[in-house]
Amino acid sequence: MSHGSSRTSDSVLNRLVRLREELARRQVPALLVSDVTNLRWVTGFTGSHGYALVTGRDAWLAVDSRYTLQAAQQAPHMECKRLTSSGSENLAALITETVCGDLAIEADRMTVAAYDDLRRRLDGTVRIVSQEGIIRGLRVTKDAAEVDSIARACRIADDVFAYMCGIIKPGISERDVMLELEWRIRKHHGAEVAFPSIVVSGPRSAMPHGTATERVLENGDLVTLDFGARVDGYCSDITRTIVLGSPSSEQRRVYLTVLEAQQRAIAAIRPGAAGKDVDSVARGFIADAGHGDHFGHGLGHSIGLDVHDGPGMSPTGENVLAESMVVTVEPGIYIPDWGGIRIEDDVLVTFHGAQTLTSAERGLLSL
Ligand code: ZN
Ligand code: ZN
């Protein structure tokens, strides 16, 4: 077994310990996990359908015949069980055999139809109780193996941005930039894209989440790339804005405002800091520069198995930063009919403060 996979399996074992501690804290005797991302986090199994059941004593993973071999390989520490069909006819019987007391479900991750079906099949033998955010709450703090995967995804993003600086020029379309970027991630790095890449240029850069169109890049354009790679299931998420040709004084001024806001926010990150306080460091700086109305979204979010893996820093959130969280810091200024500038980096919250995981050129680049 390679060093990497044994570390991953230690990491998964440790998650089971943390999950059991959290179940005990919430006085939940058993949890049924059905959300595929949470299933992957708990078990290491990467298939598209299955159930894990975790109690203080038992931990099993039930999959249908498509996945029995894969489950045994990927989740050696779980007791693997077979579902008789993808409709999970015998799931209720497996639960009744294992659970004494209440069964918690992931109320925020289960459809009403799946819940009704399960309740009907259990037929009163086990009482179902709703729980929300148990695993998502645990997922927000990363272990060493997870940080390592995210850091590798960040290095790919850095490389891809440097590569794209040699591709982007007047005359190329947003869509061709996007295709070239995603090709580089997949072909050169053997990774996957973390989410559909954002490429917006000129006045379109004022749309924070615009998608690439056939618009052809022109001299004087602001061009924003927002993309990420996925390694071992873990995402990076980076944004850079560049200028084609020499920047105007307004482009330069707005760029430096966003960059300074970002750097001040990163400097304010530490365990125990409230997300909204870090957000207000960036937001206050941008407002003082006269752009208070031009920064509408939150400062950042947690990244992990999902690109939006949990709360990060926003004006209204109650999230408090803790050691081993990985969050984005992405202030932006978007001016209608003029364009927009966003700079986004991924940082690990450490005892000493923020450790930046993405390191692509952050100064204003003119191509
Ligand atoms: Zn992004
Ligand atoms: Zn982001």
Side-chain angles (χ1 to χ4, degrees), residues 37 136 139-140 142 146-147 149-162 164 168 174 177-178 181-182 184-185 191-201 204-212 222-231 233-242 255 258-259 261-263 265-266 269 275-276 278-279 282-283 286 295-317 319 321 325-334 339-349 354 356-362:
T37 312
R136 285 190 81 83
R139 270 171 52 185
V140 168
K142 270 70 184 179
E146 293 178 295
V147 171
S149 298
I150 295 170
R152 283 191 287 143
C154 288
R155 286 196 291 275
I156 294 173
D158 292 342
D159 169 89
V160 170
F161 178 69
M164 292 309 295
I168 294 171
E174 292 174 351
V177 171
M178 180 273 285
L181 185 158
E182 297 194 345
R184 179 78 178 179
I185 291 172
E192 288 304 321
V193 297
F195 55 91
S197 312
I198 293 165
V199 179
V200 284
S201 64
R204 299 193 70 252
S205 61
M207 294 187 282
H209 272 192
T211 49
L222 292 163
V223 183
T224 297
L225 311 180
D226 183 349
F227 63 95
R230 190 185 285 271
V231 171
Y234 288 84
C235 300
S236 59
D237 181 7
I238 191 172
T239 304
R240 290 291 184 268
T241 303
I242 51 107
Y255 192 94
V258 174
L259 182 58
Q262 191 214 28
Q263 294 302 305
I266 288 174
I269 287 176
K276 61 183 170 194
V278 179
D279 178 280
R283 201 168 299 281
I286 286 173
F295 176 27
H297 57 75
L299 179 65
H301 51 88
S302 173
I303 57 171
L305 287 171
D306 285 322
V307 68
H308 284 217
D309 202 56
M313 299 164 292
S314 72
T316 53
N319 185 43
L321 297 175
M325 287 183 177
V326 181
V327 294
T328 68
V329 187
E330 50 180 307
I333 292 176
Y334 312 93
I341 291 170
R342 177 168 67 257
I343 304 171
E344 174 179 30
D345 284 285
D346 303 339
V347 308
L348 170 66
V349 182
T356 308
L357 301 177
T358 37
S359 57
E361 176 58 47
R362 223 168 272 122

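Nothing here was measured: the structure is a model prediction, and the numbers come from that model. First listed ligand is number 1; within each ligand, the first listed atom is number 1. By convention here, the first residue in the shown sequence is residue 1.
- Just one of Val258, Ile341, Thr239 meets the side-chain contact (heavy atoms from CB on, under 4.5 Å) condition when paired with Pro331; it is Val258.
- Between Val140 and Asn319 there is no side-chain heavy-atom pair separated by less than 4.5 Å.
- Taking a cutoff of 4.0 Å between a charged side-chain nitrogen and a carboxylate oxygen, Arg240 and Asp345 qualify as a salt bridge.
- Here the protein contributes Asp237 OD2, His301 NE2, Glu330 OE2, Glu344 OE2 as N, O or S atoms under 2.8 Å from the Zn ion (ligand 2).
- Here the side chain of Asp309 pairs no donor or acceptor atom with the backbone of Ser302 at under 3.5 angstrom.
- Residues Pro208 and Arg342 share a closest heavy-atom pair of O-NH2, 3.0 Å.
- If you check the side chains of Asp346 and Ser236, you find no donor sitting under 3.5 Å from an acceptor.
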